[in-house]
Amino acid sequence: MADGKKEYLQMLQEPICRMSTISAIFKGFAATIVAGISAISYSSTNVWVLALSFLPVLAFAVLDVYYLKLERQFRFLFDQVRLDKHEIDFSMKLTNDPLEIISAKARTWDCIKSPSIYLFYPLMIAVLVVVIILKTSGRI
């Protein structure tokens, strides 16, 4: 193995691990907000207060997409170093080349199409919509 390659790959692996952990934390916070809003909707809570719950869930979704983009760019850099297509310079600089971003599947749309995003956040939004509909119709 090239001089320092193992250390460089380990250095690149750390932010990848942190970003995947952050993603799980965001999902946990979003689920907690939705569960909490669903639980308090049985009290005499104002519908506008319930509607405000969309903001943090959407914010967590945007942040999750952002961190997924960064994670994919770091994975691309990791693979470039692993395949000896990038010099071992211990740089953490990510690419700005549009073609490399496309091949890394690190565009915003690519990240939104990730199952970890499109299977989770729309479900959270749907639950909030149902709770608000039930609250405004007087069923809860």
Side-chain angles (χ1 to χ4, degrees):
M1 190 171 279
D3 221 19
K5 183 175 181 179
K6 181 179 178 184
E7 291 82 9
Y8 190 27
L9 289 173
Q10 287 174 337
M11 188 175 93
L12 291 173
Q13 186 63 36
E14 286 301 315
I16 293 169
C17 290
R18 274 196 310 268
M19 285 175 212
S20 65
T21 301
I22 288 170
S23 177
I25 290 170
F26 286 157
K27 287 176 179 65
F29 283 150
T32 301
I33 289 169
V34 171
I37 290 299
S38 298
I40 68 167
S41 66
Y42 288 99
S43 67
S44 60
T45 306
N46 188 326
V47 175
W48 290 107
V49 173
L50 294 176
L52 283 176
S53 63
F54 283 97
L55 292 177
V57 172
L58 291 174
F60 286 131
V62 168
L63 285 170
D64 205 359
V65 168
Y66 172 71
Y67 278 103
L68 183 58
K69 283 175 61 171
L70 287 177
E71 180 184 341
R72 286 182 176 187
Q73 286 178 317
F74 273 110
R75 286 183 186 276
F76 180 79
L77 179 58
F78 183 93
D79 283 340
Q80 294 298 303
V81 172
R82 184 178 59 83
L83 298 171
D84 296 322
K85 295 181 180 178
H86 185 277
E87 65 181 89
I88 300 171
D89 58 1
F90 292 91
S91 167
M92 298 292 276
K93 188 172 187 316
L94 299 173
T95 183
N96 288 326
D97 181 9
L99 293 176
E100 288 183 350
I101 290 174
I102 289 171
S103 72
K105 294 185 178 181
R107 295 177 298 175
T108 301
W109 182 245
D110 292 327
C111 293
I112 291 171
K113 291 189 314 186
S114 168
S116 68
I117 302 296
Y118 80 79
L119 290 177
F120 184 79
Y121 290 103
L123 179 63
M124 296 293 107
I125 298 295
V127 169
L128 290 174
V129 167
V130 167
V131 167
I132 290 175
I133 290 172
L134 291 175
K135 185 69 175 178
T136 55
S137 68
R139 294 187 184 171
I140 55 172

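Residue numbers count from 1 along this sequence. Please read these numbers as outputs of a predicted model, since none were measured by experiment.
One distance of note links CG of Leu58 with OG of Ser53; it measures 9.5 Å at 0.5 Å rounding. Here Asp79 contributes atom CG and Phe76 contributes atom CZ; the two are 8.0 Å apart, rounded to the nearest 0.5 Å. Taken to the nearest 0.5 Å, the CG atom of Leu12 stands 11.5 Å off from the CD atom of Gln80. We find the CD1-CZ distance between Ile101 and Arg107 to be 10.0 Å, quoted to the nearest 0.5 Å. Here the straight-line distance linking atom CD1 of Ile132 with atom OG of Ser137 works out to 12.0 Å at 0.5 Å rounding. Atoms CD1 and OG1, on Ile16 and Thr21 in that order, are 12.0 Å from each other to the nearest 0.5 Å.
At a threshold of 4.5 Å between non-hydrogen side-chain atoms, the residues Lys105 and Ser114 do not count as touching. The side-chain heavy atoms of Ile33 and Met124, taken from C-beta on, include no pair separated by under 4.5 Å.
Ionic pairing of Lys5 and Asp84 is present here: one or more N-O contacts between side-chain nitrogen and carboxylate oxygen are shorter than 4.0 angstrom.
Across every non-hydrogen atom of Leu9 and Arg82, the tightest pair is CD2-N, 4.0 Å. Taking all atoms of both residues into account, the shortest heavy-atom contact from Lys93 to Leu77 is O-CD2, 3.9 Å. Among all heavy-atom pairs drawn from Ser91 and Tyr8, the shortest one is O-OH, 2.6 Å. Across all non-hydrogen atoms, the minimal contact from Glu71 to Met19 is N-SD, 3.4 Å.
For the pairing with Phe26, the ring pair (Phe, Tyr, Trp, His ring centres under 6.0 Å) check across Tyr121, Phe120, Tyr66, Phe60 returns one residue only, Phe60.
More than 12 heavy-atom neighbours from other residues, nucleotides or ligands sit within 6.0 angstrom of NZ on Lys27.
Contacts of Phe54 classified as ring-ring contact (aromatic ring centres under 6.0 Å, His included), with partners at least two apart in sequence or in another chain: none.
Tracing side-chain contacts under 4.5 Å through hydrophobic residues (I, L, V, M, F, W, Y), one never reaches Phe78 starting from Leu83; they form parts of separate clusters.
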